[in-house]
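Here is the structure we will look at, set down as structure tokens.
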Amino acid sequence: MSEVVWEPLREAATAALASAYVPYSKFPVGAAARLADGSIVTGCNVENASYGLTLCAECTMIGAARMNGGGLITHFYCVDGTGGILMPCGRCRQILFEFSTAETLLMTSSGAKTMDEVLPDAFGPRDLDRIAAGTDDRTDAP
Ligand code: THU
């Protein structure tokens, strides 16, 4: 089962490398996710002359996911220019978290990991809901 899920994602992420726009870093990144409906979406990094405005592969992938009906991520795979597994940067872990569940798996160099393992105690939509609902039960709440 595992290979059946991960191999198409690895191939899709690797294929996405060809679309990367990386004149500055020369470091192409390809990302692919399987969504809850079984579809696969991909993304590549798109750099900018104003370096800080670079879009990571995960960002363009999430945009593609939204443009193709959206849905939650079940599995995620990211590769560098050699095809090796690449861990998403901190900002992208947060971006992926928005569309993840407790079951979402990310492929890492040490095997599949949950979102909670790569972004523990994450801030997310539920924090906004909790405050809006007045159900904040933290003892240090102001
Ligand atoms: N990059 C990504 O696309 N995703 C990541 O998670 C890490 C970094 C890109 C940004 C930049 O274009 C290049 O890799 C080098 O940092």
Side-chain angles (χ1 to χ4, degrees), residues 1-133 135-138 140-142:
M1 168 61 184
S2 178
E3 271 304 293
V4 176
V5 172
W6 291 115
E7 185 52 21
L9 280 184
R10 191 191 65 75
E11 288 173 12
T14 305
L17 288 170
S19 300
Y21 174 72
V22 289
Y24 310 109
S25 74
K26 319 267 193 243
F27 189 88
V29 179
R34 181 185 183 278
L35 304 182
D37 67 358
S39 62
I40 290 179
V41 290
T42 60
C44 64
N45 50 340
V46 180
E47 298 187 342
N48 191 278
S50 179
Y51 299 161
L53 298 183
T54 287
L55 302 176
C56 282
E58 295 88 334
C59 295
T60 63
M61 184 199 80
I62 289 296
R66 293 301 305 167
M67 292 303 292
N68 285 282
L72 294 168
I73 298 168
T74 63
H75 298 77
F76 172 79
Y77 203 112
C78 189
V79 296
D80 62 27
T82 71
I85 293 167
L86 186 73
M87 289 304 288
C89 74
R91 178 174 185 266
C92 288
R93 293 181 199 202
Q94 182 71 37
I95 284 170
L96 294 171
F97 180 77
E98 184 79 14
F99 302 101
S100 295
T101 69
E103 283 74 44
T104 297
L105 293 174
L106 298 86
M107 184 49 73
T108 78
S109 47
S110 50
K113 289 189 176 163
T114 64
M115 196 69 225
D116 189 57
E117 286 177 292
V118 302
L119 190 68
D121 302 323
F123 167 82
R126 265 176 298 193
D127 292 293
L128 299 181
D129 295 343
R130 176 170 52 76
I131 299 298
T135 55
D136 188 354
D137 55 5
R138 292 174 305 162
D140 63 344

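Read the numbers this way: they start at 1 and go in the same order the structure lists the ligands and their atoms.
A salt bridge links Asp127 to Arg130: at least one charged side-chain nitrogen sits closer than 4.0 Å to a carboxylate oxygen.
Residue contact check: Pro88 has heavy atoms under 4.0 Å from atoms 6 (O) of ligand 1. Listed by number with element, the atoms of ligand 1 under 4.0 angstrom from any heavy atom of Asn45 are 3 (O), 9 (C), 11 (C), 12 (O), 13 (C), 14 (O). Within the listing of ligand 1, atoms 11 (C), 12 (O), 13 (C) sit less than 4.0 angstrom from a heavy atom of Glu47.
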Could you go step by step and tell me if Leu105 and Tyr77 meet the side-chain contact (heavy atoms from CB on, under 4.5 Å) rule? CA-CA 9 Å; Leu105 293 174; Tyr77 203 112; over 6 Å; no
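Looking at Ser50 and Asn48, their side chains never bring a donor and an acceptor atom within 3.5 Å of each other. Donor-acceptor pairing under 3.5 Å is recorded for the side chains of Asp80 and Thr82.
For the pair Thr54 and ligand 1, the shortest N or O to N or O distance does not fall below 3.5 Å. The shortest N or O to N or O distance between Ala57 and ligand 1 is below 3.5 Å. Between Cys89 and ligand 1, an N or O atom pair is found at a separation short of 3.5 Å.
Of the protein's heavy atoms, Cys56 SG, 4.0 Å lies nearest to atom 8 (C) of ligand 1.
Put simply, atom 4 (N) of ligand 1 has protein non-hydrogen atoms near it, under 4.0 Å away.
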